[in-house]
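The structure under discussion appears below in the form of C-alpha coordinates.
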Amino acid sequence: MSLHFLRFDPDLLRCQTWFRQEHLLHRDVEDEGYAWHALLTAAFGRDLAPKPFRVLGRRGRPPQLLAYSAHDGATLAAHADAFCDPLAHQALNIATLAGKPMPAFAAGRRLGFEVRVRPVVRTDGPGGRDSVAERDAYVAACARAGAGPRPDPADVFADWTRARLAAGGAEVAAIRLDAIAGDKVLRRGAPGSGGGRPLVAISGHSAVLVGTLSVRDAEAFGVLLARGVGRHRAFGYGMLLLSPPEA
(Lines give C-alpha, C1' and ligand atoms only; values in the text may rest on other atoms or scores of the structure.)
Protein backbone atom coordinates (compact mmCIF):
# COMPACT_ATOMS: atom_id res chain seq x y z
CA MET A 1 0.00 0.00 0.00
CA SER A 2 1.48 3.35 -1.04
CA LEU A 3 1.43 6.19 1.47
CA HIS A 4 2.17 9.85 0.88
CA PHE A 5 3.23 12.49 3.39
CA LEU A 6 1.58 15.83 2.61
CA ARG A 7 2.20 19.39 3.78
CA PHE A 8 -0.29 22.23 3.44
CA ASP A 9 0.61 25.83 4.30
CA PRO A 10 -2.91 27.17 4.87
CA ASP A 11 -3.93 30.83 4.87
CA LEU A 12 -5.19 31.10 8.44
CA LEU A 13 -7.30 34.22 7.91
CA ARG A 14 -9.13 32.64 4.96
CA CYS A 15 -9.53 29.43 6.96
CA GLN A 16 -11.15 31.32 9.81
CA THR A 17 -13.46 33.08 7.35
CA TRP A 18 -14.52 29.74 5.88
CA PHE A 19 -15.02 28.25 9.36
CA ARG A 20 -17.25 31.16 10.38
CA GLN A 21 -19.30 31.04 7.19
CA GLU A 22 -19.92 27.33 7.72
CA HIS A 23 -20.82 27.88 11.42
CA LEU A 24 -18.05 25.55 12.56
CA LEU A 25 -16.71 27.63 15.45
CA HIS A 26 -18.01 27.45 19.01
CA ARG A 27 -17.28 30.00 21.71
CA ASP A 28 -16.66 27.30 24.34
CA VAL A 29 -14.50 25.03 22.14
CA GLU A 30 -10.91 25.90 21.29
CA ASP A 31 -10.18 22.71 19.37
CA GLU A 32 -10.82 23.32 15.65
CA GLY A 33 -10.36 19.73 14.53
CA TYR A 34 -13.90 19.41 13.25
CA ALA A 35 -13.58 22.63 11.24
CA TRP A 36 -10.34 21.43 9.61
CA HIS A 37 -11.98 18.08 8.88
CA ALA A 38 -14.87 19.88 7.19
CA LEU A 39 -12.50 22.07 5.16
CA LEU A 40 -10.49 19.09 3.91
CA THR A 41 -13.72 17.28 3.02
CA ALA A 42 -15.01 20.35 1.17
CA ALA A 43 -11.77 20.53 -0.82
CA PHE A 44 -11.29 16.86 -1.66
CA GLY A 45 -14.54 15.03 -0.93
CA ARG A 46 -15.02 12.25 1.59
CA ASP A 47 -13.07 9.69 -0.43
CA LEU A 48 -9.94 11.79 -0.99
CA ALA A 49 -9.82 13.95 2.16
CA PRO A 50 -6.50 13.05 3.83
CA LYS A 51 -6.42 11.52 7.28
CA PRO A 52 -4.93 11.28 9.76
CA PHE A 53 -3.75 14.87 9.84
CA ARG A 54 -2.29 17.30 12.33
CA VAL A 55 -2.24 21.09 12.44
CA LEU A 56 1.05 22.29 13.88
CA GLY A 57 1.16 25.80 15.31
CA ARG A 58 4.57 27.44 15.10
CA ARG A 59 5.62 30.39 17.23
CA GLY A 60 6.02 33.48 15.07
CA ARG A 61 5.31 31.53 11.87
CA PRO A 62 2.19 30.35 10.03
CA PRO A 63 0.77 26.93 10.92
CA GLN A 64 1.29 23.81 8.86
CA LEU A 65 -1.22 21.06 8.18
CA LEU A 66 0.52 17.70 7.82
CA ALA A 67 -1.30 14.58 6.67
CA TYR A 68 -0.92 11.05 5.36
CA SER A 69 -2.85 9.94 2.30
CA ALA A 70 -3.03 7.02 -0.09
CA HIS A 71 -3.16 9.67 -2.86
CA ASP A 72 -0.30 11.88 -3.97
CA GLY A 73 -0.37 15.66 -3.91
CA ALA A 74 -0.89 15.98 -7.66
CA THR A 75 -4.06 13.86 -7.51
CA LEU A 76 -5.47 15.90 -4.64
CA ALA A 77 -4.57 19.22 -6.25
CA ALA A 78 -6.19 18.18 -9.54
CA HIS A 79 -9.42 17.29 -7.73
CA ALA A 80 -9.43 20.58 -5.83
CA ASP A 81 -8.68 22.58 -8.99
CA ALA A 82 -11.66 20.99 -10.71
CA PHE A 83 -14.28 20.94 -7.97
CA CYS A 84 -13.27 22.85 -4.83
CA ASP A 85 -15.06 25.99 -3.64
CA PRO A 86 -12.73 28.96 -4.40
CA LEU A 87 -12.53 30.15 -0.79
CA ALA A 88 -11.70 26.67 0.48
CA HIS A 89 -9.09 26.36 -2.30
CA GLN A 90 -7.44 29.61 -1.23
CA ALA A 91 -7.75 28.79 2.47
CA LEU A 92 -5.78 25.56 2.08
CA ASN A 93 -3.36 27.26 -0.33
CA ILE A 94 -3.63 24.32 -2.71
CA ALA A 95 -1.03 25.79 -5.08
CA THR A 96 1.69 25.20 -2.46
CA LEU A 97 0.65 21.64 -1.54
CA ALA A 98 3.81 19.52 -1.20
CA GLY A 99 4.14 15.79 -0.80
CA LYS A 100 6.49 12.84 -0.89
CA PRO A 101 6.08 9.06 -0.86
CA MET A 102 6.73 7.45 2.51
CA PRO A 103 9.25 4.61 2.66
CA ALA A 104 8.48 1.20 4.10
CA PHE A 105 10.10 0.53 7.47
CA ALA A 106 11.51 -2.95 7.97
CA ALA A 107 11.13 -4.99 11.12
CA GLY A 108 13.79 -4.02 13.64
CA ARG A 109 13.96 -0.37 12.53
CA ARG A 110 14.18 2.08 15.47
CA LEU A 111 12.32 5.36 15.08
CA GLY A 112 11.54 8.41 17.13
CA PHE A 113 7.89 9.35 17.21
CA GLU A 114 5.46 12.04 18.26
CA VAL A 115 1.69 11.65 18.26
CA ARG A 116 -1.25 13.77 19.35
CA VAL A 117 -4.07 11.59 20.60
CA ARG A 118 -7.47 11.79 22.21
CA PRO A 119 -7.38 8.76 24.52
CA VAL A 120 -10.79 7.12 24.82
CA VAL A 121 -11.99 3.63 25.66
CA ARG A 122 -15.15 1.86 24.59
CA THR A 123 -17.44 0.66 27.37
CA ASP A 124 -20.69 -1.27 27.36
CA GLY A 125 -23.71 0.68 28.59
CA PRO A 126 -26.76 -0.73 30.39
CA GLY A 127 -27.83 -2.45 27.19
CA GLY A 128 -24.57 -4.37 26.81
CA ARG A 129 -22.95 -4.44 23.38
CA ASP A 130 -25.96 -2.71 21.88
CA SER A 131 -25.20 0.45 23.89
CA VAL A 132 -21.42 0.79 23.54
CA ALA A 133 -20.24 4.21 24.74
CA GLU A 134 -17.00 6.13 24.33
CA ARG A 135 -15.36 7.33 27.55
CA ASP A 136 -12.30 9.44 28.27
CA ALA A 137 -9.47 7.03 29.20
CA TYR A 138 -8.45 8.99 32.28
CA VAL A 139 -12.02 9.26 33.55
CA ALA A 140 -12.39 5.50 33.04
CA ALA A 141 -9.12 4.85 34.91
CA CYS A 142 -10.29 6.97 37.85
CA ALA A 143 -13.55 5.03 37.95
CA ARG A 144 -11.65 1.74 38.06
CA ALA A 145 -9.49 3.07 40.91
CA GLY A 146 -12.61 3.64 42.99
CA ALA A 147 -11.75 4.94 46.45
CA GLY A 148 -8.04 4.27 45.93
CA PRO A 149 -5.38 6.77 44.85
CA ARG A 150 -6.11 8.59 41.62
CA PRO A 151 -3.92 7.41 38.76
CA ASP A 152 -1.29 9.63 37.18
CA PRO A 153 -2.66 10.88 33.82
CA ALA A 154 0.84 10.61 32.31
CA ASP A 155 0.86 6.88 33.10
CA VAL A 156 -2.69 6.38 31.83
CA PHE A 157 -2.05 8.06 28.49
CA ALA A 158 1.37 6.47 28.02
CA ASP A 159 -0.08 2.98 28.66
CA TRP A 160 -3.01 3.72 26.34
CA THR A 161 -0.67 4.83 23.55
CA ARG A 162 1.79 1.98 24.11
CA ALA A 163 -1.00 -0.58 23.75
CA ARG A 164 -2.24 0.88 20.48
CA LEU A 165 1.24 1.08 19.01
CA ALA A 166 1.82 -2.54 20.01
CA ALA A 167 -1.39 -3.53 18.22
CA GLY A 168 0.00 -1.76 15.15
CA GLY A 169 3.24 -3.69 15.01
CA ALA A 170 5.48 -1.35 17.06
CA GLU A 171 7.24 -1.98 20.36
CA VAL A 172 7.73 1.15 22.47
CA ALA A 173 11.18 1.50 24.02
CA ALA A 174 10.60 4.88 25.66
CA ILE A 175 7.58 7.17 25.96
CA ARG A 176 6.74 10.36 27.81
CA LEU A 177 3.87 12.79 28.01
CA ASP A 178 4.86 16.07 26.34
CA ALA A 179 1.58 18.00 26.64
CA ILE A 180 -1.90 17.48 28.03
CA ALA A 181 -5.11 19.49 27.92
CA GLY A 182 -8.59 18.99 29.30
CA ASP A 183 -10.72 20.38 26.51
CA LYS A 184 -13.84 20.06 24.42
CA VAL A 185 -14.26 19.03 20.80
CA LEU A 186 -17.12 19.48 18.36
CA ARG A 187 -18.76 16.43 16.85
CA ARG A 188 -22.07 15.73 15.14
CA GLY A 189 -24.74 14.55 17.57
CA ALA A 190 -27.77 12.35 17.04
CA PRO A 191 -30.34 13.47 14.44
CA GLY A 192 -32.78 16.04 15.79
CA SER A 193 -36.48 16.36 15.15
CA GLY A 194 -35.74 18.19 11.90
CA GLY A 195 -33.51 15.38 10.66
CA GLY A 196 -30.21 17.29 10.93
CA ARG A 197 -27.31 16.36 13.19
CA PRO A 198 -26.36 19.35 15.34
CA LEU A 199 -22.81 20.00 16.48
CA VAL A 200 -22.31 19.16 20.16
CA ALA A 201 -19.37 19.84 22.49
CA ILE A 202 -17.77 16.77 24.07
CA SER A 203 -15.37 17.02 27.02
CA GLY A 204 -12.21 14.95 27.35
CA HIS A 205 -8.43 15.08 27.20
CA SER A 206 -5.98 15.56 24.37
CA ALA A 207 -2.34 14.59 24.80
CA VAL A 208 0.95 14.71 22.90
CA LEU A 209 3.32 11.82 23.52
CA VAL A 210 6.88 11.41 22.27
CA GLY A 211 9.29 8.53 22.43
CA THR A 212 11.18 5.80 20.62
CA LEU A 213 9.80 2.64 19.07
CA SER A 214 11.00 -0.40 17.17
CA VAL A 215 9.09 -1.82 14.24
CA ARG A 216 8.11 -5.39 15.10
CA ASP A 217 5.78 -6.16 12.17
CA ALA A 218 6.52 -4.12 9.05
CA GLU A 219 3.17 -4.72 7.37
CA ALA A 220 1.13 -3.91 10.48
CA PHE A 221 3.21 -0.78 11.10
CA GLY A 222 2.54 0.45 7.56
CA VAL A 223 -1.18 0.02 8.19
CA LEU A 224 -0.85 1.90 11.49
CA LEU A 225 0.85 4.87 9.80
CA ALA A 226 -1.89 5.08 7.19
CA ARG A 227 -4.74 4.57 9.65
CA GLY A 228 -3.50 6.58 12.64
CA VAL A 229 -3.50 5.94 16.38
CA GLY A 230 -6.76 5.69 18.30
CA ARG A 231 -10.06 7.33 17.42
CA HIS A 232 -10.89 10.84 16.16
CA ARG A 233 -8.31 10.36 13.41
CA ALA A 234 -10.31 12.44 10.92
CA PHE A 235 -10.27 15.40 13.31
CA GLY A 236 -6.59 16.15 13.87
CA TYR A 237 -5.58 13.24 16.12
CA GLY A 238 -3.57 10.06 15.68
CA MET A 239 -1.01 11.10 13.07
CA LEU A 240 2.27 9.37 13.90
CA LEU A 241 5.12 11.77 13.10
CA LEU A 242 8.48 10.01 12.75
CA SER A 243 12.03 11.18 13.37
CA PRO A 244 15.49 9.71 13.98
CA PRO A 245 15.54 7.91 17.34
CA GLU A 246 17.18 9.51 20.33
CA ALA A 247 20.63 8.13 21.07
Side-chain angles (χ1 to χ4, degrees), residues 26 28-34 36-37 51-57 111-190 199-217 220-221 223-242 245-246:
H26 191 289
D28 296 327
V29 178
E30 293 186 6
D31 185 280
E32 295 180 344
Y34 189 90
W36 287 106
H37 159 77
K51 64 177 180 180
F53 70 86
R54 182 169 173 192
V55 178
L56 287 176
L111 299 164
F113 72 88
E114 177 179 319
V115 63
R116 179 178 184 246
V117 293
R118 195 159 187 88
V120 296
V121 294
R122 308 298 293 275
T123 58
D124 291 344
R129 295 183 62 86
D130 292 333
S131 58
V132 173
E134 187 176 278
R135 196 176 192 188
D136 181 85
Y138 182 66
V139 172
C142 289
R144 289 193 300 270
R150 295 177 71 84
D152 184 338
D155 292 337
V156 172
F157 297 148
D159 290 345
W160 182 95
T161 304
R162 185 184 291 108
R164 279 145 188 83
L165 292 177
E171 180 179 354
V172 172
I175 188 170
R176 64 178 174 84
L177 182 67
D178 189 59
I180 184 174
D183 53 15
K184 296 179 180 179
V185 296
L186 289 179
R187 298 291 183 266
R188 291 289 178 187
L199 286 171
V200 297
I202 301 173
S203 297
H205 288 89
S206 60
V208 177
L209 294 108
V210 297
T212 303
L213 60 80
S214 293
V215 178
R216 187 182 70 252
D217 183 322
F221 186 70
V223 173
L224 177 70
L225 274 184
R227 183 175 183 270
V229 180
R231 291 177 55 77
H232 301 269
R233 299 179 301 274
F235 304 100
Y237 295 95
M239 184 181 185
L240 198 59
L241 297 174
L242 303 177
E246 295 181 358

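Just so you know, these numbers use all the heavy atoms, side chains as well, and skip hydrogens, waters and symmetry mates. Please read these numbers as outputs of a predicted model, since none were measured by experiment.
- For the atom pair CD1 of Ile175 and CZ of Phe113, the computed distance is 4.0 Å after rounding to the nearest 0.5 Å.
- For the side-chain hydrogen bond (donor to acceptor under 3.5 Å, both in side chains) criterion with Tyr237, the lone passing option out of Arg116, His232, Arg54 is Arg116.
- Annotation: the span from Arg233 atom CZ to His37 atom NE2 amounts to 12.5 Å, rounded to 0.5 Å.
- Closest non-hydrogen pair, Ala140 versus Arg135, comes out as CB-CD, 4.1 Å.
- Of the possible donor and acceptor atoms, none in the side chain of Arg231 sits under 3.5 Å from a partner among the backbone N and O of Arg118.
- Looking only at distances, no side-chain donor or acceptor of Trp36 sits under 3.5 Å from a matching main-chain atom of Phe235.
- Side-chain atoms of Tyr138 come within 3.5 Å of backbone N or O of Pro151 as a donor-acceptor pair.
- At a threshold of 4.5 Å between non-hydrogen side-chain atoms, the residues Ile180 and Pro153 count as touching.
- Note that CD of Glu114 is 6.0 Å distant from CG of Asp178, once rounded to the nearest 0.5 Å.
- A heavy-atom distance below 4.5 Å is not found between the side chains of Asp31 and Leu186.
- Other residues, nucleotides and ligands contribute at most 12 non-hydrogen atoms within 6.0 Å of the CZ atom of Arg227.
- Contact between Ala137 and Trp160 at its shortest, heavy atoms only, is CB-CD1, 4.0 Å.
- To the nearest 0.5 Å, atoms CG (Leu240) and CG (Leu213) are separated by 6.5 Å.
- A pairwise comparison of heavy atoms in Ala166 and Arg216 identifies O-NH2, 2.8 Å as the closest pair.
- Contact record, Ala201 with Val29: CB-CG2, 3.8 Å, taken as the closest heavy-atom pair.
- Asp136 places a side-chain N or O within donor-acceptor distance of the main-chain N or O of His205, the cut-off being under 3.5 Å.
- For the atom pair CE (Met239) and CG (Leu225), the distance works out to 9.0 Å, reported to the nearest 0.5 Å.
- Across all their heavy atoms, Ser206 and Asp183 have their closest contact at OG-OD2, 3.0 Å.
- A distance of 12.5 Å separates CG of Leu111 from CD of Glu246, quoted to the nearest 0.5 Å.
- Between Phe53 and Gly33, the shortest heavy-atom distance links the atoms CZ-O, 4.0 Å.
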